[in-house]
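Every chain is numbered from 1 and lettered A, B, ... according to where its sequence line falls, protein lines coming before strand lines. Source: prediction; values computed, not measured. Only heavy atoms go into these numbers, but all of them, side chains included; no hydrogens, no water, no symmetry mates.
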Number of protein chains: 2
Amino acid sequence: MSQPDTRQRLLDAAERLFAAEGFHNTSVRAVTSEAQANLAAVKYHFGSKEALLEAVFERRLVPLNQLRRERLEAVRAAARQHGGRPVTTDVLRAFIEPTLAFRDHGPGAEAFVRLVGRAIAEPDDTIRKIFMQLVNPLFILLYDTLGEALPELSATERFWRLHFAIGSLSHAMCLAGHFQILPTGVTSLPDATALTAMMLNFLTAGMEAPCA
Amino acid sequence: MSQPDTRQRLLDAAERLFAAEGFHNTSVRAVTSEAQANLAAVKYHFGSKEALLEAVFERRLVPLNQLRRERLEAVRAAARQHGGRPVTTDVLRAFIEPTLAFRDHGPGAEAFVRLVGRAIAEPDDTIRKIFMQLVNPLFILLYDTLGEALPELSATERFWRLHFAIGSLSHAMCLAGHFQILPTGVTSLPDATALTAMMLNFLTAGMEAPCA
DNA sequence: TCATAAATCAAACGTTTGTTTTAATAGGAA
DNA sequence: TTCCTATTAAAACAAACGTTTGATTTATGA
């Protein structure tokens with residue numbers, strides 16, 4: 001029997017199922033069945049289905065957020081050191097590169113990326129707040145750092161351009177490995193590095209566009 | 001009693017609740033209760049809960065799609081008439097302007113915009129296919145028209161840049177009237193016209209960015 | 001070895017789910 | 001009126017839901 005850590009197996013199964021079927025469309029029984037655990041194990045290890053979702057988010061989002069924060073702070077520090085502004089594309093890269101590269105962080109990570117990509121648009125207030133509580137401080141840091149890179153941009157413009165970028169990113173996260181029919185001419189799917197390069201190229205141009 | 005059209009009241013209630021709480025988190029009883037109709041009315045008028053969702057999509061998406069298609073075809077025709085390419089920002093505007101302006105199309109339209117913004121990232125295959133079946137032909141037309149505006153762009157680049165744009169748009173649609181805390185300096189929220197202008201400015205720059 | 005805690009288990013809790021059935025009510029045409 | 005169809009209504013369906021209980025097993029440390 002592979003029963004080393006029931007808690008871990010529950011997190012793995014919940015991560016996969018919540019990403020593939022959605023939170024409300026996934027039953028606790030489906031999770032415990034896939035994890036080869038007893039139905040009551042969710043209550044024992046986490047307390048409730050919602051607390052399980054919170055644990056799924058926290059397990060991967062806490063280290064990912066720390067990495068993204070470090071990269072953003074590094075860009076800020078480097079700019080301050082040579083007395084200039086941070087470069088827009090560096091700021092965006094500090095946030096986006098670790099995010100898209102995360103899908104290669106072992107099995108389940110790809111499902112997690114899809115789960116996170118959807119969480120920001122989650123209708124259920126309780127669920128969205130669980131997620132936002134974890135990522136909002138980072139969004140604020142990104143917003144502030146973009147303000148240092150683009151001081152001529154008004155707060156309103158910067159706010160909405162950041163949301164446009166977040167939309168592009170989260171949509172691309174949802175598409176990870178979840179592919180529809182491709183148009184003729186689009187042969188293969190890009191890896192995380194190539195996708196990051198394309199997205200940075202696109203979003204940097206949008207961020208730096210002169211105001212109309 | 002306001003009982004002119006039970007079918008219409010069911011669509012209105014379902015539209016609002018599906019957008020606010022999500023499809024799987026909304027019960028048929030909640031819909032019929034808000035519509036002041038009998039529980040069995042959903043089965044009688046639509047057949048099932050899923051068929052009700054499909055009707056919610058179709059009621060507004062069919063005319064909206066027709067408008068977007070006309071606007072896209074008009075841009076194509078105008079370009080062909082004077083023997084040149086369509087302009088990128090005109091192509092994007094033809095699709096985006098009617099989409100964002102739709103939230104002012106009477107009561108319930110704002111909720112519908114949010115519902116559509118989320119539908120593209122819907123985990124449930126059945127639901128996403130109901131939606132995709134309605135919008136995919138338009139996405140293909142948009143993809144082709146962008147190819148006429150930007151013939152130097154590779155199919156892969158164009159494909160992903162379109163997805164980045166769709167991500168920005170759908171995220172902005174989800175945010176409509178559903179606002180979180182605003183950062184200092186961001187005072188008021190833009191109307192559909194102002195938001196369209198900002199988004200077009202952003203996405204046009206991204207679309208026309210030189211390849212790295 | 002024994003006691004204590006941690007973990008797992010089967011089973012049932014009461015509710016809620018989407019759906020269905022059957023009867024009652026309305027409204028217009030003959 | 002009378003008949004027929006369209007619509008509404010109340011009630012129940014079986015199934016699935018998240019949660020909880022209490023007993024049992026497993027592991028740990030004295």
*Would you confirm whether A/Lys49, through its side chain, and A/Ser27, through its main-chain N or O, come within 3.5 Å as a donor-acceptor pair?*
no

*Could you check whether B/Thr32 gets within reach of a base, just the sugar-phosphate, or nothing at all, counting any heavy atom under 4.0 Å?*
nothing

*Within the structure, does a side-chain N or O atom of A/His24 lie under 4.0 Å from either OP1 or OP2 of D/dC17?*
no

*Nearest whole angstrom, please: distance from the P of D/dT26 to the CG of A/Asp5.*
18 Å

*Does a nitrogen or oxygen in the side chain of A/His45 sit under 4.0 Å from OP1 or OP2 of C/dT8?*
yes

*Go through A/Arg118 and B/Glu122 one step at a time and tell me if the salt bridge (Lys or Arg N to Asp or Glu O under 4.0 Å) criterion holds.*
CA-CA 8 Å; A/Arg118 276 197 261 272; B/Glu122 171 64 44; over 6 Å; no

*Could you state the CD-C1' distance from B/Glu21 to C/dT16, rounded to the nearest angstrom?*
16 Å

*So what does B/Ala41 touch, heavy atoms closer than 4.0 Å: a base, only the sugar-phosphate, or nothing?*
nothing

_Expressed as a whole number of angstroms, how long is the span from A/Asn25:CG to D/dG18:P?_
10 Å

*May I ask you to decide if the ring planes of B/His163 and A/His171 are parallel, tilted or perpendicular, using 30° and 60° as cut-offs?*
tilted

_Whole-Å gap separating P (C/dG18) and CG (B/Leu39)_ = 9 Å

*Which residue lies toward the 5' end of DNA chain D, A/Ser27 or B/Asn38, if each is placed at its nearest nucleotide?*
B/Asn38

*Side chain of A/Arg29: nearest nucleotide among D/dA11, C/dT8, D/dG18?*
D/dG18

_Closest listed nucleotide, where the reference is the side chain of B/Ala40 and the choices are C/dG18, C/dT20, D/dG18_ = C/dT20

*Considering only C/dT8, C/dG18, D/dG18, which nucleotide approaches the side chain of B/Lys49 most closely?*
C/dG18

_What is the distance, to the nearest angstrom, from the OH atom on A/Tyr44 to the P atom on D/dG22?_
17 Å

*Would you mind reading off the distance between B/Leu53 atom CG and C/dT19 atom C1', rounded to a whole angstrom?*
17 Å

_Expressed as a whole number of angstroms, how long is the span from A/Gln8:CD to C/dA7:C1'?_
16 Å

*Taking CD from A/Gln36 and C1' from C/dT8, how many angstroms apart are they, rounded to a whole number?*
14 Å

*Assess the side chains of B/Arg93 and B/Thr196: does a donor N or O sit below 3.5 Å from an acceptor N or O?*
no

*Quick one: do A/Arg9 and A/Glu34 make a salt bridge, cutoff under 4.0 Å?*
no

*Consider the side chain of B/Lys43, meaning its heavy atoms from C-beta on, and name the nucleotide among D/dT8, C/dT8, C/dT20 that approaches it most closely.*
C/dT20

*Distance test, side-chain N/O of B/Ser48 to OP1/OP2 of C/dG18, below 4.0 Å*: no

